[in-house]
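Contents: one structure, followed by commentary.
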Amino acid sequence: MHTRVPRLVERAYERLLRRDIDGTPDHVAVIQDGNRRYARERGDGAADGHREGARTTERVLRWCQELGVEELTLYAFSTENFERPPEERDHLFDLIESKLRSFADREEVHENEVCIRALGEVDRLPERVRDAVAYAEERTAGYDRFRLNVALAYGGRAELLGAARETLRSVAAGNLDPADVDAAEIERRLYARPVRDVDLIVRTGGDERTSNFLPWHANGNEAAVFFCAPYWPEFSKIDFLRAIRTYESREASWRHTRRERAAALVRAVAGSSLVETREVIGRLREQLPHAGTDELTAELDRQDAGTTE
């Protein structure tokens with residue numbers, strides 16, 4: 001009875017959160033922190049914590065598909081992780097290898113058409129892990145309903161430096177005009193990249209930092225960020241739903257800000273010709289959700305009335 005009551009309360013709260021959510025982000029990126037601390041507090045070894053964390057990863061993948069998230073990126077192994085003790089690295093490599101192969105063979109992965117891709121300096125990984133990456137990518141290459149990115153030997157700063165160096169080499173070789181260097185040129189030189197910009201970053205374990213994770217795709221998109229205290233093995237569906245709710249609140253706030261800025265811009269050009277004002281409003285309408293165009297339309301109507309009086 002003592003365990004049943006908390007579970008009933010938890011399920012009720014989960015249903016309440018689910019009802020509060022109107023939409024979901026397209027792309028969620030997760031920093032899976034706290035596996036070692038979780039194990040240490042229980043008197044276990046780091047390997048046990050990583051195994052428990054892998055089970056949470058499987059659950060989160062299911063939750064994403066249930067809620068309609070279209071892309072999930074997991075920070076599985078950073079460039080900084082190469083500095084960990086050899087025995088811990090070897091266990092992580094074994095775990096990553098086995099999980100990639102088992103995921104690629106799962107019936108539900110093929111039923112849900114999950115495309116698995118690795119992001120990062122994969123060539124720095126042991127051969128057995130590289131082979132597992134190739135196996136998972138080949139087995140799921142034809143799918144596009146859901147995208148699972150696994151960040152391996154990944155570092156955001158290294159990614160941007162590599163893209164910058166490659167761009168400079170192209171300029172020095174005369175293959176690229178400096179005037180043509182734009183965001184698209186840099187982006188196509190990044191690692192095998194996500195399909196979508198990141199909408200929401202989730203970090204477990206209590207630390208409030210994004211740790212060099214997907215700076216181009218998250219910061220450039222002003223992604224929402226959700227930090228939570230539970231270690232990764234303890235991360236629950238309620239935690240995930242709270243993260244989604246944070247994203248929704250961030251989006252609502254951002255839409256409100258954009259509407260205010262748009263209205264201010266329209267008022268600023270109110271003294272311009274009606275043709276110029278219409279052009280400004282037309283461009284803003286392309287960038288704002290439909291609900292955000294009401295004030296623009298009202299402002300244009302006021303200007304129309306002013307010119308006919």
Side-chain angles (χ1 to χ4, degrees), residues 21-32 57-58 60-78 100 103-104 108-110 112-122 133 136-137 140-152 154-160 162-163 182-204 210-227 240-255 257-258 286-290 292:
I21 293 174
D22 294 325
T24 55
D26 292 329
H27 185 182
V28 176
V30 181
I31 302 171
Q32 307 150 280
T57 299
E58 295 172 10
V60 170
L61 182 58
R62 289 198 303 271
W63 300 338
C64 283
Q65 293 171 331
E66 289 172 9
L67 293 169
V69 176
E70 297 180 3
E71 189 162 3
L72 173 66
T73 299
L74 302 170
Y75 209 174
F77 192 89
S78 71
L100 281 171
F103 261 67
E108 59 265 33
V109 165
H110 298 281
N112 294 312
E113 298 185 358
V114 178
C115 177
I116 302 173
R117 291 291 304 277
L119 310 178
E121 300 176 51
V122 177
V133 167
E137 290 185 342
T140 63
Y143 300 144
D144 62 2
R145 188 186 303 172
F146 185 88
R147 177 76 169 257
L148 173 62
N149 306 309
V150 185
L152 295 170
Y154 179 88
R157 182 175 295 181
E159 179 181 30
L160 294 178
D182 56 13
E185 283 292 333
I186 297 296
E187 186 167 282
R188 73 183 187 86
R189 289 172 167 80
L190 300 175
Y191 298 147
R193 56 191 180 276
V195 172
R196 304 162 186 83
D197 283 336
V198 177
D199 300 307
L200 170 65
I201 291 180
V202 177
R203 180 170 188 146
T204 61
T210 55
S211 293
N212 200 19
F213 189 37
L214 297 171
W216 183 275
H217 301 287
N219 295 345
N221 194 42
E222 298 196 35
V225 182
F226 178 77
F227 300 114
F240 190 61
L241 291 171
R242 288 175 60 222
I244 301 295
R245 189 174 61 181
T246 295
Y247 160 78
E248 283 201 318
S249 298
R250 170 71 179 81
E251 280 296 290
S253 174
W254 182 229
R255 284 195 298 269
T257 300
R258 281 184 291 182
E286 295 175 0
Q287 301 172 25
L288 287 169
H290 186 269

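Remember, predicted model here, so these are calculated numbers, not experimental data.
- Nearest heavy atoms, G156 versus P215: CA-CD, 3.5 Å.
- When all heavy atoms of V198 and A223 are compared, the pair lying nearest together is O-CB, 3.3 Å.
- Looking at H217 and L190, their side chains come closer than 4.5 Å, going by heavy atoms from C-beta outward.
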- request: Given side chain to side chain contact (heavy atoms under 4.5 Å, CB included), test W216 with I186 step by step and report yes or no.
  value: CA-CA 10 Å; W216 183 275; I186 297 296; 3.6 Å; yes
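- Of the options L200, L72, T73, D197, a side-chain contact (heavy atoms from CB on, under 4.5 Å) to H27 is made by T73 and by none of the others.
- Although no hydrogens or angles enter the test, the distance criterion places no donor-acceptor pair under 3.5 Å between the side chain of Q32 and the main chain of T57.
- Under a 3.5 Å cut-off, the side chain of N112 and the backbone N or O of V114 do not form any donor-acceptor pair.
- To the nearest 0.5 angstrom, L214 atom CG is 6.5 Å from I201 atom CD1.
- With contacts defined as side-chain heavy-atom distances shorter than 4.5 Å, the pair E71/D26 does not qualify.
- In this structure, Y75 contributes its side chain and A29 its backbone to no donor-acceptor pair below 3.5 Å.
- Among all heavy-atom pairs drawn from H110 and A104, the shortest one is NE2-O, 2.7 Å.
- Shortest non-hydrogen contact noted between A243 and F226 is CB-CD2, 3.4 Å.
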task: Start with the C-alpha distance between Y247 and V28, add both sets of side-chain angles, then the distance that settles side chain to side chain contact (heavy atoms under 4.5 Å, CB included), and finish with yes or no.
output: CA-CA 10 Å; Y247 160 78; V28 176; over 6 Å; no
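- For the residue pair F213 and L74, the shortest heavy atom distance occurs at CZ-C, 4.4 Å.
- With rounding to the nearest 0.5 angstrom, the CG atom of D199 is 12.0 Å from the CD atom of E248.
- Under a 4.0 Å N-O distance rule, the pair E185/R189 qualifies as a salt bridge.
- The shortest side-chain heavy-atom distance between Y154 and N212 does not fall under the 4.5 Å cut-off.
- V225 approaches F227 most closely through the heavy-atom pair CG1-CZ, 3.3 Å.
- T24 places a side-chain N or O within 3.5 Å of a backbone atom of L67 that can act as its donor or acceptor partner.
- Remark: R147 does not engage E70 in a salt bridge, criterion side-chain N to carboxylate O under 4.0 Å.
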